[in-house]
Structure formats: C-alpha cells, structure tokens
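Here is the structure we will look at, set down as structure tokens.
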Amino acid sequence: MTADGERLSTEERALLYDLGRAINEFVDLDRLLPEIVTRLRSLFGIESSAVMLLDAARSEFYVPYVADIAPAVERRLAAVRFPADRGIAGAVLHSGDVAHVPDVSRDPRWYGAVDGRTGMTTRSLLCAPLRGRAGTLGVLSLRNKVRGTFSDDDLRLIRAVADHIGLAIDTARQLGEARGTAERLRDEVEVLQQQVARDAGVHGIVGHSTAMQRVFELIASAAALPVTVLITGETGVGKELIARAIHAGGPRRARPFVAINCGALSDTLLESELFGHRKGAFTGALSDRKGLFEVADGGTVFLDEVGDMPAAMQVKLLRALQEGEILPVGDTTPRSVDVRVLSATNRDLAAGVRDGGFRADLFYRLSAFPIVVPPLRERREDIPLLTARLLERTLKRFERPATQFSPAALVRLSNHDWPGNVRELQNEIERAIALAAPGAVIDAADLSEHVRGASVVAPPTVAAGGITLRRARDLFERDFIARVLSQQGGNASRAARVLGISRVMLHKKLRAYGMRRIDLVRVSA
C-alpha cells in the first residue's frame, strides 16, 4: 500500500470514529441526521449522501436530510417524495440487503424520476437498509464517488454504518416521541391552567329570556354533534363563552380548549400560531414550536373574529378542515390532527362572501351550525339577573363587601342600549363599585353619565280603578310590541326574534290590537 493509501486509510478510520461518536452523542433527530449525512459524504468521498425514511402510512420515501455538493439539489431533494416500491431504494427496502449499482443506467430497477425532479445526475449508487428494532425505517443512499468507483471496502463499511445509524434513528425517534408526549402534556396543562384562571374571573352565561333560552337549546344541540359551529353577534355578547359551553358540554370536554383572535395577527404569525413552525422557518423562529391545532389535538380550537382572517390564511384553514392535516411553517411533511373548530365573528360573513372578501367554500364549511347571540338591548329582561351575577363575581374579585344596586340604578341599567353588550355592562359595574363607598348601595348617581341618561321604558299609564288585570296586561303588551317594532324599524322578522315569538304570532297580535306596522315606525322608542 502506498504512503497516500496509508494516509487515506487513517483518515477513514478517524472519520468512522467521529461518526460513531456523533451517533452516540446526538439523540435529537434534527441534530443527528444532518450530522450523519455530512460525515458520510466525507467518509466515503462521494457527491451526495441522503437518509431516505419510510412514510408507512403513505408507502412513500421522503428525504428529510441530504448532503450534496450542489445546494440547489439539497433543497429540491428535500421536497421530493416517491413510492416506496420503486427504484433501487425500494428494492433495498424490500430485500433488506445492501445494493451496489456501479452504473444505474444498466439496472432495470433504476427510477429516474427523482433525478428528473431534482436536476442531479446519478451514475452509481450504494444503498443500505436502515433497520430499527421493529423493522426497516428506510434506506441510506450514497451517490457518485468523486474519484474512482465504490469498492468492496465501501460495501462492508456501509453495512456496519447503516446498522448503527438505523438503531440511532430508532432510539432518537422513541426519545422524540416521549419528549413530544411530555411537551404535549405540558402544553395541555398550561392551557388548562390558563382556562381555570380565566374562568375564575369570567361570569357564566345568564339569561331567562326567550331569546337566550333558544341559544341554550342550540348550545346543547351543538355540544352533542361533531359539527363546525359559527357563533355570530355583536362585540361583547359573549361569543367565546358560548364556544366554551359547547366544548364543556361535548365529548371533548376533557381535552384542551384553545382560542385565538384571527384579526390580531399578520398572515405569517397567524399561520405559525395555528399550525406551528420549524426552527429557522422565519426570522425569530429559534426553535420548533407547536401550533394551537397540535396543542388542542383531541379538543377544540376557537377562532374568534374569523371574519378578519387574511385571504391567504383562509385557503390554508380550509385545507386543514378538509384534510384533517396541518403543515407547520417551514416543514414539508403534513401532520394529522383531530380538532373540533368553533368560530365566531361580529361581521356579516354572507355579505363578505358576496363582496369577495371571504371565501364561499370556507364560509359554508364553518357555518354548518350557526348560532346567533342576541345583543342585550334585545333581551332587557335578562339585565337585572345578569347584573346581579356580574356584581357578585366582581365584588369577590375586588375583595369588596357585599352590596347591591338600587331600584333606580337597575332601571337605568335595564334601559340603556349597551352597544358594548355584556362587556360594557361588566365595565360599568366595575366603575360603579370603584366609585361607591364600600358596602353602600350603588345608586343611579354612581353610574356613568351616558347610562344615567338612558330613557326609561315605563309601563302605560292607566286610570286608577275601573280596569281589569287582563286589560292592563293587554295595554302593556301592545305598548311593548309597538316599541320593539319601532326599534327594529318596522321589520316584523327581527321584532319577532326580539319578542321571542314567531312572525305569524306577531301578525296575529298586531291584528288583535288593531295595530298597523306603518304606524308603529312613528312610535318613539
């Protein structure tokens, strides 16, 4: 053997030692596999080395890591998937033995489509199976010796190396799965802790009005069915509380409930929050991160303000709903998830579809089961009960002594239109508690100016004596219907919903009281 040959043999032994040490050192696949393919390229003096892993569910090879003399080839090959029963790699997977192919053009097993898709030119190959404890994980592929051809020594060496690499990959996978399970449990615990903390300071759903009883019926029905639910209503009506009630009443109650505001983030950040990202996918992505769809696997994802979702994300969300798969930013392998999606908006999504701002196919996918939450002004009879519940919870949170609202204050609260709905009412109660003396009754003077100025809806005035209870009730009902119709601009359908009766019943009452809708729109609200 020449001096050069002796020197090269010494380098080979050193590289092999380093490779073994790397295999034993790295237990993370994302660190192990790049180290392996890089060292193999040096060890064997080749143009390219690649680890081709088997996706058993799809019976396909994918190439998560490759080291090639051409960076463009590395990028293209990393995006390639091909059938696991094709080519020399497929033959090695099937036979379980090493394949040495000096000239691929003369081998009938050669599958040239990969070269065609990556732009590389393969002349010779050395392929070995990567065996794990429970079966073959994939193949190790070495392509084109830089000088000369693959030798018998290379053949023996790849057998020994492949066995070590296969076991290392298997171990790293098992550790990764264990670590993933631990991370998932940690994420779920964090979500549950946040949920408990949030629920501790949030009132429950309150309402005895006909409108809210209908909402409760829909919540119960939606909880029992695995359908996508679209919750609509004005800002502050409690759409997220409705979503949480649906989740809590269904079979996924023991799994996480995670919520996100779709209008508060850019396309990239929203995609990363929902689907996760790989390390280096964008500036600031310093490590792999799971998205909410993975964190909530088996549970529920609540998409608040879904009407504000950017157009590009609408496409990706639709795919996730249709396929049950997500693709983290910067990743090439989709991941299956099992989540129930509930969404909410204060926008008219149907109008958004007509205007072209919201995808029709996504709208129909999200709105399979619509729930409309009425605003407070359409269920004023709920305000005293809701006020009492909010007052009790707020006093406990502020650590203030028990108190109550005076009748005059309750009248003002009940007659305010509450454009901010329950959220505005909550803020008003917090303000009143802060202004009133501890333990003192909260009077109308403690309310904000715009609430104190609310017009009072008083019952109709009747003469003392000479009137029956039935007549008084009819007069009140006639006046109340007139006011509701006036508030709804004479729209009988909307008025009927506010009154909690059918449109047919409303028309019967209008005829019974001799009322005409054309007159009612002139009635002062």
Side-chain angles (χ1 to χ4, degrees), residues 57-58 184 187-188 191 218-219 221-232 239-240 242-247 249-253 255-277 289-372:
R58 297 188 177 188
R184 174 177 169 178
D187 289 341
E188 290 174 4
V191 168
L218 292 174
I219 289 172
S221 298
L225 299 171
V227 295
T228 52
V229 177
L230 178 63
I231 306 165
T232 59
K239 296 185 287 294
E240 183 172 338
I242 302 295
R244 288 179 179 273
I246 293 171
H247 171 76
R252 296 173 181 262
R253 65 177 69 87
R255 306 298 296 163
F257 175 100
V258 296
I260 186 171
N261 187 321
C262 298
L265 301 171
S266 65
D267 283 25
T268 302
L269 288 178
L270 180 58
E271 183 179 3
S272 173
E273 285 293 314
L274 291 177
F275 304 144
H277 63 251
R289 186 175 187 274
K290 288 184 179 180
L292 296 184
F293 270 67
E294 276 196 274
V295 171
D297 194 22
T300 302
V301 171
F302 174 58
L303 306 175
D304 198 9
E305 302 305 342
V306 72
D308 296 330
M309 179 175 285
M313 270 305 301
Q314 293 179 28
V315 179
K316 295 172 182 178
L317 174 61
L318 179 63
R319 183 184 182 281
L321 294 175
Q322 290 175 333
E323 304 297 333
E325 291 182 341
I326 60 168
L327 184 65
V329 179
D331 206 344
T332 57
T333 305
R335 304 178 187 182
S336 296
V337 290
D338 172 26
V339 296
R340 182 180 190 181
V341 173
L342 308 176
S343 54
T345 183
N346 60 8
R347 294 177 178 268
D348 183 349
L349 288 193
V353 170
R354 291 192 297 270
D355 297 342
F358 201 84
R359 293 181 63 93
D361 43 10
L362 180 57
F363 169 68
Y364 294 123
R365 173 73 65 168
L366 292 174
S367 60
F369 194 107
I371 296 179
V372 180

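Put simply, the side chain of Arg365 never gets that close to the backbone of Leu318: no donor and acceptor are under 3.5 Å apart. Checking side-chain atoms of Asp297 against main-chain N and O of Val337 turns up no donor-acceptor pair under 3.5 Å. In this structure, the side chain of Arg252 engages the main chain of Gly299 through a donor-acceptor pair within 3.5 Å. Between the side chain of Asp348 and the backbone N or O of Ala350 there is at least one donor-acceptor pair closer than 3.5 Å. Between the side chain of Arg253 and the backbone N or O of Gly250 there is at least one donor-acceptor pair closer than 3.5 Å.
Counting only heavy atoms from C-beta outward, the side chains of Arg255 and Val339 never approach each other to under 4.5 Å. Proximity of Val372 to Leu218: side-chain heavy atoms (C-beta onward) are nowhere separated by under 4.5 Å. Contact check for Phe358 versus Leu366: side-chain heavy atoms found under the 4.5 Å cut-off. Two residues are said to be in side-chain contact when any heavy atoms from C-beta on lie closer than 4.5 Å; Val341 and Phe293 meet this criterion. Considering only heavy atoms from C-beta on, Val295 stays 4.5 Å or farther from Val301 through its side chain. Two residues are said to be in side-chain contact when any heavy atoms from C-beta on lie closer than 4.5 Å; Val306 and Leu362 fail this criterion. Within the 4.5 Å cutoff, the side chain of Val229 has heavy atoms near those of the Val227 side chain.
Here OG1 of Thr232 is found 9.5 Å from CG of Asn346. Values are rounded to the nearest 0.5 Å. From Phe363, atom CZ reaches atom OG1 of Thr345 across 10.0 Å, with rounding to the nearest 0.5 Å. To the nearest 0.5 Å, the span separating CZ on Phe257 from CG on Leu342 amounts to 6.5 Å. One finds the OG1 atom of Thr333 at 8.5 Å from the CZ atom of Arg58 (value rounded to the nearest 0.5 Å). Rounded to the nearest 0.5 angstrom, Tyr364 OH and Leu230 CG are separated by 12.5 Å. Put simply, CG on Leu303 and CE on Met313 are 8.5 Å apart, with the number rounded to the nearest 0.5 Å.
Between Cys262 and Met309, the shortest heavy-atom contact is SG-CE, 3.6 Å. Heavy-atom minimum distance, Ile326 versus Glu294: CD1-CG, 3.6 Å. Contact detail for Leu349 and Gly307: the closest heavy-atom pair is CD2-CA, 3.5 Å. The two residues Glu240 and Ala259 make their nearest non-hydrogen contact at OE2-CB, 4.0 Å. Taking both residues in full, the closest heavy atoms of His247 and Thr300 are given as ND1-OG1, 2.7 Å, listed atom of the first, atom of the second, then distance. Closest approach of Ser272 and His277 over heavy atoms only: OG-ND1, 2.7 Å.
Ionic pairing of Arg335 and Glu325 is not present here: no N-O contact between side-chain nitrogen and carboxylate oxygen is shorter than 4.0 angstrom. Between Arg347 and Asp308 there is a salt bridge, since a side-chain N of the basic residue sits under 4.0 Å from a carboxylate O of the acidic one. The existence of a salt bridge linking Arg289 and Glu273 is confirmed by a sub-4.0 Å separation between a basic side-chain nitrogen and an acidic carboxylate oxygen.
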| message | Test side chain to side chain contact (heavy atoms under 4.5 Å, CB included) on Ile246 and Arg340; report intermediate values, then the result. | response | CA-CA 11 Å; Ile246 293 171; Arg340 182 180 190 181; 3.6 Å; yes

| message | Please determine whether side chain to side chain contact (heavy atoms under 4.5 Å, CB included) holds for the pair Val315 and Arg359, giving the CA-CA distance in whole Å, both sets of side-chain angles, and the decisive distance to 0.1 Å. | response | CA-CA 8 Å; Val315 179; Arg359 293 181 63 93; 3.6 Å; yes

